[in-house]
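These numbers were taken from a predicted model, which means no experiment stands behind them. In listed order, ligands and their atoms are each counted from 1. Computed from heavy atoms alone, side chains included, the values below leave out hydrogens, waters and symmetry copies.
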Amino acid sequence: MVTMAHPGEKRKREDEVENCGAGDGGSSAAAEHPLSGFQLQSVLRESARDKTIFLHGKVSCKEQSADAVVILERAPFQADAVSRLLGNNPEPKLQLKNDIYSVYHLNPPPELNEVKATVIHPATEKHIKKYMRQELYLIQETGEDYRNITLPFIESQSFSIQWVYNILEKKAEEDRIVHENPDQEVGFILLPDFKWNQKQVDDLYLIAICHKRGIKSLRDLNGDHLPLLKNVLQEGQEAILKQYGVQGNHLRIYLHYQPSYYHLHVHFVALGHEAPGITVERAHLLSDVIQNLEMDSQYYSKRTLTYTLRSDEPLLQKFKEAGRC
Ligand code: GTA
């Protein structure tokens, strides 16, 4: 089943590519081995601390070769499985022993040795650049900058949000929905984020995607959106408590500015988890957003917002051309 882009989504997107496993929920694509014939082109980034590696490769598709980004991540430990890992480990190999200190290498059985693979295929140049390590620049975007520089830019090119519409229209991930308020003005869908394997709550990560279309980001929010935002905050916390037993005061609930995907969504992340994008120049706490809009319903169309751009981002070039950085 191939879905059409949402009506009105006619703008040219940089990442519009010929459909090859993309588009709908992709039940057929899921049946194939997504990495068969993967040929590594380059390592975009790796982090020994996060046990993550970002790869660019080529994957054959309909007798053509298309770019793919693959993110490999070691899964976090699960508290209930560690005693099996220690107690049942056939042959712990001693690496070092000194007084009371010793280091072993364990060889966990496959079920305790999971590697999560996130696959973006076909990937665009923009996806490849997104995961590449690059120098960052701090931008201070005034309301005027947003209207003159940023808005025309994001209207001309941004990542496809087809995956968001697939979720809202129940064409993908329907079985993963944790909570839905179906109201088209003030409702939303809450579901596990891409980045969470749902095996332990230490790195719990869900996203709330609002039903209402056309709210691109924080910049579009005004006092009229308070009922929606309050629903997301309250119902989202209640649903997470009910489903996962995690209290609201153990959650970091925030929006990104700039987001990667311009359809309003809110991140719900375990407070102890240092997820990518929780830094002060990107994350805006939902509770602060609500208070700011209660004080001034036009707050986000007026105030200067600070964020970073990578050195190769075309938006940075636009700010330079306008003499704004
Ligand atoms: N359920 O199909 C999807 C889906 N997609 C395509 C994206 N998301 C999805 N969730 C579901 N189904 O949290 C999620 C993303 C993200 C949110 C969009 O939607 O996982 P955003 O618009 O604010 O954009 O949020 P953000 O945060 O930049 O998106 P993303 O892709 O997570 O990138 C964040 C940065 O984190 C990247 O630039 C990357 O460098 C870094 N990163 C580090 N580790 C990882 C990792 N394991 N996976 C992805 N990115 C990582």
Min N/O separation [X] to ligand 1 under 3.5 Å:
X: Glu173; result: yes
X: Trp163; result: no
X: Leu191; result: no
X: Pro192; result: yes
X: Tyr205; result: yes

Which residues share a salt bridge (charged side-chain N to carboxylate O under 4.0 Å, His left out) with Lys242, sequence neighbours left out: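 With neighbours one apart ignored, the set is empty.
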Beyond-backbone contact of Tyr254 with Asp288, side-chain heavy atoms, under 4.5 angstrom: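 Contact flag for Tyr254/Asp288 side chains = no.
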Min heavy-atom dist Thr118 to ligand 1 below 4.0 Å: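 Judged by the 4.0 Å heavy-atom criterion, Thr118 does not count as contacting ligand 1.
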Ligand 1 contact by Arg45, heavy-atom criterion under 4.0 angstrom: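 Per 4.0 Å heavy-atom rule, Arg45 contacts ligand 1.
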More than 12 foreign heavy atoms under 6.0 Å from [atom1] of [X]: is that the case here?
X: His211; atom1: NE2; answer: yes
X: Lys195; atom1: NZ; answer: yes
X: Glu144; atom1: CD; answer: no

Identify which of [options] has a heavy atom lying nearest to [atom].
atom: atom 22 (O) of ligand 1; options: Ser217, Ser260, Ala275; result: Ser260
atom: atom 45 (C) of ligand 1; options: Trp196, Tyr257, Phe194, Phe54; result: Phe54
atom: atom 34 (C) of ligand 1; options: Arg176, Arg282, His256; result: Arg282

With sequence neighbours excluded, residues passing side chain to side chain contact (heavy atoms under 4.5 Å, CB included) with Leu241: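 Applying side chain to side chain contact (heavy atoms under 4.5 Å, CB included) to Leu241 gives Gln247.
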[atom]: nearest protein contact (heavy atom, Å):
atom: atom 21 (P) of ligand 1; result: His265 NE2, 3.2 Å
atom: atom 47 (N) of ligand 1; result: Glu73 OE1, 3.1 Å
atom: atom 29 (O) of ligand 1; result: Lys130 NZ, 3.5 Å
atom: atom 41 (C) of ligand 1; result: Pro276 CB, 3.7 Å
atom: atom 14 (C) of ligand 1; result: Asp193 OD2, 3.1 Å

Using a 4.0 Å heavy-atom cut-off, say whether [X] meets ligand 1 through its side chain, its backbone, both or neither.
X: Arg133; value: neither
X: Tyr261; value: both
X: Ile207; value: side chain
X: Lys116; value: neither

Close-contact set for ligand 1 against Ile71 heavy atoms, below 4.0 Å: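 It comes down to these atoms of ligand 1: 47 (N), 48 (N), 49 (C).
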Ligand-residue contact atoms, ligand 1 with Tyr131, heavy atoms, under 4.0 Å: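 In order of numbering, the contacting atoms are 31 (O), 37 (C), 39 (C), 40 (O), 50 (N).
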[X] to [Y], cation-pi by 6.0 Å centre distance and 45° axis angle:
X: Lys58; Y: Phe38; result: no
X: Lys212; Y: Phe188; result: no
X: Arg45; Y: Phe54; result: yes

Pair Arg176 + Glu173: basic N to acidic O under 4.0 Å: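 Salt bridge between Arg176 and Glu173, a charged N being under 4.0 Å from a carboxylate O: yes.
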No-hydrogen, no-angle side-chain donor-acceptor test under 3.5 Å, His273 and Tyr205: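 Note: His273 and Tyr205 side chains miss the donor-acceptor criterion.
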Side chains of Gln140 and Thr304, donor plus acceptor under 3.5 Å: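 No pair is found: no donor N or O on one side chain lies under 3.5 Å from an acceptor on the other.
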Centroid separation His56 to Tyr131 less than 6.0 Å: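 Between His56 and Tyr131, the centre distance exceeds or equals 6.0 Å.
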